[in-house]
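So the structure is just underneath, and the comments pick up after that.
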Number of protein chains: 2
Amino acid sequence: MTARRRVRPRKLPTQARAKATVEVIVEAAARILVRHGFEGMTTNRVAEKAGVSVGSLYQYFPNKESLVAELERRHHAELRAAFEEALPQAMALDVAGAVSLLIQSAVKVHTINPELHRVLSEEIPRIGPAPEFKAFEQEVYENLKAYFEARRSELCVPDTGLAAFIVLRTVEASVHDTMIHQTTPQNLGLLGQELSRMITLYLTGGPVSAKPARAKLGKAAWH
Amino acid sequence: MTARRRVRPRKLPTQARAKATVEVIVEAAARILVRHGFEGMTTNRVAEKAGVSVGSLYQYFPNKESLVAELERRHHAELRAAFEEALPQAMALDVAGAVSLLIQSAVKVHTINPELHRVLSEEIPRIGPAPEFKAFEQEVYENLKAYFEARRSELCVPDTGLAAFIVLRTVEASVHDTMIHQTTPQNLGLLGQELSRMITLYLTGGPVSAKPARAKLGKAAWH
DNA sequence: TGAAGATATGAGTAAATACTCACTTTCACC
DNA sequence: GGTGAAAGTGAGTATTTACTCATATCTTCA
């Protein structure tokens, strides 16, 4: 039913001016997406804003979707870069430190073009998150889980996968909501402290759940 | 010559058959929204599925948006009902009990037509959440904050508003994600236990953040 | 019963917009 | 400067789809 549409560019720019054209189109698209939302982003409008003809746009992007896909691709690359810088550092720290750094990184990631981030995460009509972004989240999940497993002796959780899931969802949801919908810089500091305290307590502190690590809960269960 | 656009007010169904027509339209709309997504939901299709003419649809819904709005209205009424049943009970319990019940309620709420819930929360293009839903969330937030304030002596948090925010975001995000994207019934039990443990620990257990309740953090900050 | 209003019909319209293509211009290379 | 390929153009097309309205059919109630 849902015929998957082609997302790859039909033509790759080889000459310098063609590359410049692609850049100018992508930038205009981002600007318009932020300013007018997905609905208000028409290909003609993007071309006009870019100072380029619609034909040129369609030379490199076979359809509107592919243009948005390129915006996502670039944005996610930025997010990933910000995260991958912090991850190795976190792996070396103790639990409290790692949690703190994770939260800091989440904040930092949400500092990157938050307007675009909001539009991409809220306004683009699609079934579930983009596969590329899902892969990114999966990767972070795997890393965190591996870290938990390496530090198992220090932890008080029945399932490292579940713990990774809860921690990621908690941090992401709290930070995202704060940054996207109601940021003031002051909030952020205390939010980070509290999240950090809650998660560290959860991981290392309190009494474990009733039936710890009883059955194989399946690594597939908490992706 | 002023070509004035005729603005027909939406007609309210008075006769029984008219009410039946509205019902049949709303039900078809919900079915199609779930099955084909927002993009695939055309007014003609809804009318056809409902066994009714497009004209009839437009007799009661001035435009497509209003039809979706009605679906949201009904769905949110169900959510609210489920929550408002549990809230008074929770107020009477101790912190651990209240947290448990809150999580249970969140799960219960996400059991109501999860397919529709997913589409409404993910696929409907709009800027931020619907105002009606926002009001609902706000109400839950206020209640939880009030509860925290009443139990202040038992708690270990610097700011009840911030605590309410974190707790709600955490529960909602974890439960939503689990129910909408990767449910198996088994997961749910342990997830609830772990969330419960984490949040209770956070609220009552561990050492408070560095600078507790220093400045007026503003009740407006954590809505 | 029959008139007046309520309800239902669905072919047709208007408008928006993603996308094309015949053509022109620019570039790379000799 | 000539030539072939790459890049660029933008008026126009094709399609989709929300929405209308003249007309027909039901309901109510005097």
Side-chain angles (χ1 to χ4, degrees), chain A residues 1-29 32-33 36-71 124-126, chain B residues 1-29 32-33 36-71 124-126:
Chain A
M1 189 188 316
T2 315
R4 196 96 194 237
R5 303 190 74 185
R6 164 177 200 205
V7 161
R8 293 197 59 84
R10 61 176 45 165
K11 190 189 281 186
L12 289 176
T14 64
Q15 298 179 7
R17 69 175 166 150
K19 278 173 189 151
T21 299
V22 169
E23 286 315 297
V24 108
I25 289 170
V26 167
E27 277 155 30
I32 288 175
L33 195 57
H36 299 96
F38 183 76
E39 295 283 285
M41 175 189 170
T42 71
T43 49
N44 285 285
R45 200 177 202 170
V46 169
E48 191 188 15
K49 180 95 177 178
V52 141
S53 76
V54 227
S56 289
L57 190 156
Y58 279 95
Q59 206 117 90
Y60 303 105
F61 302 96
N63 50 54
K64 184 182 169 180
E65 254 178 44
S66 70
L67 183 50
V68 175
E70 175 64 14
L71 289 179
I124 306 300
R126 61 167 155 248
Chain B
M1 227 199 298
T2 324
R4 217 203 307 174
R5 199 170 178 223
R6 207 164 173 186
V7 181
R8 274 201 215 171
R10 168 182 163 169
K11 197 183 283 182
L12 290 178
T14 62
Q15 298 180 4
R17 71 174 165 148
K19 278 173 189 152
T21 299
V22 169
E23 286 314 299
V24 108
I25 289 170
V26 168
E27 277 155 31
I32 288 176
L33 196 58
H36 303 278
F38 183 75
E39 295 282 286
M41 175 190 171
T42 71
T43 49
N44 285 285
R45 200 177 203 169
V46 169
E48 191 188 16
K49 179 95 178 178
V52 142
S53 75
V54 226
S56 289
L57 190 155
Y58 279 96
Q59 206 116 90
Y60 303 105
F61 302 96
N63 48 53
K64 185 182 169 181
E65 243 177 52
S66 70
L67 183 49
V68 175
E70 175 63 14
L71 289 180
I124 307 299
R126 61 165 155 251

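Hydrogens, waters and symmetry mates play no part in the numbers below; they use all other heavy atoms, side chains included.
For the pair B:Gln59 CD and D:dC21 P, the computed distance is 13 Å after rounding to whole Å. Rounded to an integer number of Å, the gap from B:Arg45 CZ to C:dG10 P is 19 Å. Rounded to an integer number of Å, the gap from CD of B:Glu48 to P of C:dA8 is 18 Å. Nucleotide D:dC19 holds its C1' atom 14 Å from the CG atom of B:Leu67, rounded to whole Å. Rounded to whole Å, the distance from CG on A:Leu57 to P on C:dC21 is 16 Å. Put simply, CZ on B:Phe61 is 18 Å from C1' on D:dT20, counting in whole angstrom units. Atom pair B:Tyr60:OH and C:dA6:P shows a separation of 11 Å (rounding to whole Å applied).
The distance from the CD1 atom of A:Ile32 to the OG1 atom of A:Thr42 is 7.0 Å, given to the nearest 0.5 Å. Interatomic distance, CG of B:Leu67 versus OH of B:Tyr60, reported as 14.0 Å (0.5 Å rounding).
Within the structure, salt bridge (charged side-chain N to carboxylate O under 4.0 Å, His left out) pairs that include any residue of residues 17-29 of chain B comprise B:Glu23-B:Arg74 (at least two apart or interchain).
The side-chain tip of B:Lys64 points at the ring of B:Phe38 from less than 6.0 angstrom away and within 45° of straight on.
Proximity of residues 13-26 of chain A to DNA chain D (heavy atom under 4.0 angstrom from any strand atom) is restricted to A:Pro13, A:Thr14, A:Gln15, A:Arg17, A:Ala18, A:Thr21.
Residues passing the side chain to side chain contact (heavy atoms under 4.5 Å, CB included) test with A:Ser53 are A:Ser56, sequence neighbours excluded. Partners of A:Thr21 according to the side chain to side chain donor-acceptor pair (under 3.5 Å) rule, which considers only residues two or more places apart in sequence or in another chain, do not exist here. In this view, A:Ala28 and A:Val46, A:Lys49, A:Ala50 satisfy the side chain to side chain contact (heavy atoms under 4.5 Å, CB included) rule, not counting sequence neighbours.
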>> At under 4.0 Å between heavy atoms, how does the protein contact nucleotides 10-18 of chain D? Give one character per nucleotide, 5' to 3', with B, S or -.
In response: B-------B

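Summarising the geometry of A:Leu57 relative to A:Ile25, their closest heavy-atom pair is CA-CD1, 3.7 Å, with the distance given to 0.1 Å.
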